[in-house]
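Single-structure report; data block below.
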Amino acid sequence: MPIKKNAPPVDINKRRAINGEDADVIQLSPMKHKWAWEYYNAANANHWLPTEISMQLDIEQWKSPTILTQDERHAFETVLGFFTTADSIAANNIVIANYRHITSPEIRMYLLRQAYEEAIHTHAYQYIVESLGMDEAKIFNMYRERDAIYNKASFILAFNEGIFDPTFKTGTLENDQKYLENLCIFSLIVEGIFFYSSFAVMFGFQRQHKLTGSAEQIQYIMRDESMHLNFGCQLINTIREEQPELWTKEFQDKIVGYIREAARLEYTYAQEVFPAGIFGMNASGFKQYIEHIADRRLERVGLPVQFGVANPFPWMSEAIDLPKEKNFFETRVTEYKTGGALDW
Ligand code: FE
């Protein structure tokens, strides 16, 4: 867009998340969506890198023929098989599809940070795979070979098609709904549901004092993802406020349907990957847990809960689902914190 020479400062009252009238996206301040700036600062305060975490114990345990069972090795490889490609899908959606439609510079600032975090996550998985001397081609290709992972990745990628098109533009009811649909899929489902049975498994390892370096990497990732989810919900709710005409009954029903389908894909994944259960989590536990968190995601954007089940893994809830709870990152995070920034 050409610069409007000698134009007055941008009127921030006209600023919108998408479809801003004076869509000058390079004047950051003054800001309208201050919440996005707060997310940006909170994310910076949580900065971490995979190479800072010692993998020594994991390397010894992975080499040992006795410490890990065959089921545990299989579970660990499979969750990595999902993780290794999922964050690349998320990053591509932000950078190639989502970012360019945002007309608020402060919201863009957080998306830039989020995209970098997705790169750090992919780096973390690569670092684990490399440290343990795992078969890289096998792990990174699993999304094409294992049905349970393939089905989740295909479900997500189907929603890229519209807004990835370089000629796609917001500004009509149909396209704005398509954009909002993409946001709901990525925030509520990719960030909010599809990682969670794998997270639960990694916590299982940690509680057994196994592969604790990898588990610590995943804890940092989970904290970031939790913020991505919260930011995404706030962005969805901001667009709902700014353009209430998009949030029709029909649209809401469609999103609820996708979330029900995603919950089914996620617990099917858990059941296929861990047919005999793992660390005390069995098929019905995974199903109930995924349904429980799916309801929480629906609530966040004002949609009706679908399952009404209790959380069978309360230790997960303490760790991530409840912001401002006592958290278990305290020991390390103080190194980065500049004060009070851990209310994620
Ligand atoms: Fe993410």
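Worth saying up front: this structure is predicted, and the values here are computed from it rather than measured. Atoms within each ligand, like the ligands themselves, are counted from 1 in listed order. Only this structure's heavy atoms are used, side chains among them; waters, hydrogens and symmetry mates stay out.
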Discussion item. Which residues pass the side chain to side chain contact (heavy atoms under 4.5 Å, CB included) test with His123, not counting sequence neighbours?
Written reply: Pro50, Thr51, Gln126, Tyr127
Which N, O or S atom name in [X] marks its closest approach to the Fe ion (ligand 1)?
X      : answer
Glu225 : OE1
His228 : ND1
Glu118 : OE2

Practice prompt. Describe, in one word, how the ring planes of Trp35 and His33 are oriented to each other, choosing from parallel (under 30°), tilted (30 to 60°) and perpendicular (over 60°).
Written response: perpendicular
Worksheet item: Using 30° and 60° as the class limits, which term best fits the ring planes of Phe155 and Phe159: parallel, tilted or perpendicular?
Response: perpendicular
Does [X] bring an N, O or S atom to within less than 2.8 Å of the Fe ion (ligand 1)?
X      : value
His121 : no
Asp87  : no
Glu191 : yes

Response to the item:
Lys63 meets the salt bridge (charged side-chain N to carboxylate O under 4.0 Å, His left out) criterion, sequence neighbours left out, with none
Discussion item. Ring centres under 6.0 Å, that's the criterion: do Phe286 and Tyr267 meet it?
Written reply: no
